[in-house]
Structures are given as structure tokens and as C-alpha cells.
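Reading through the C-alpha cells given below for one structure.
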Amino acid sequence: MLTAPFLRRKAAGEYLKNKYGFGSEKTLAKMASVGGGPEFRKGFGAALYEPAKLDEWALSKIGEPQKSTSDVRAA
């Protein structure tokens, strides 16, 4: 399956949700405003996300494997 070089915010949210189980259009919009989200570009009045940048961001939010909830490894 070919992935578009850029995804609009709605498609980017769906991409994250389908691939990682978290993320949404609203979350991306909020983070674009306050910071902390994946890198994006502006084009034709829309936020455009590269799938590779979405992957980098999502993986940075996922912690290391743990064997119990008492493990205190930082994400």
C-alpha cells in the first residue's frame, strides 16, 4: 500500500489511531496550537503531516517494555 507523501490533519489522526492506537484530529490540532505534537507543514491552508514524522513522534511517546506496573522507567 502506498502512503501519500503528506496527510491532512484528519487523515494523520486516523493514521496514528490505526497504527499506534492513539492520536486524533483534535489532538493534533491542539498540539499544533500549544506545541508538543509532530512536525507539520502548512500548505493550501491546511496542516500537512509526513507519515515518517508521525511515526517518529508516536514512537517517542511509547515507553520501553515493562514487566510490571511498578517499573519506573521513563517514557
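The residues of the chain are indexed from 1 along the displayed sequence.
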Salt-bridge present (Arg8, Glu25; N to O < 4.0 Å): no
So, do Ile62 and Phe22 sit near enough that their side-chain heavy atoms are less than 4.5 Å apart? yes
For Ala52, does its backbone N or O pair with a side-chain atom of Trp57 as donor and acceptor, under 3.5 Å? no
Could you measure the distance from the CD atom of Glu50 to the CD atom of Glu56? Nearest 0.5 Å is fine. 9.0 Å
Which heavy-atom pair separates Pro5 from Pro51 by the least distance, and what is that distance? O-CD, 3.6 Å
Exactly one candidate in Leu28, Leu54, Leu48 meets side-chain contact (heavy atoms from CB on, under 4.5 Å) with Leu7; the answer is Leu54
As an exercise, state the distance from NZ of Lys10 to OG of Ser24, rounded to the nearest 0.5 Å. 12.0 Å
Under 4.5 Å between side-chain heavy atoms, hopping through other hydrophobics if needed: is there a path connecting Tyr15 to Leu59? yes
Here the pair of heavy atoms bringing Ala32 nearest to Arg9 is CB-NH2, 3.5 Å
Exercise: identify the closest heavy-atom pair between Met31 and Gly36: SD-O, 3.8 Å
Closest heavy-atom contact between Glu39 and Tyr49? O-CD2, 3.7 Å
Heavy-atom side-chain contact between Phe40 and Lys53 under 4.5 Å: no
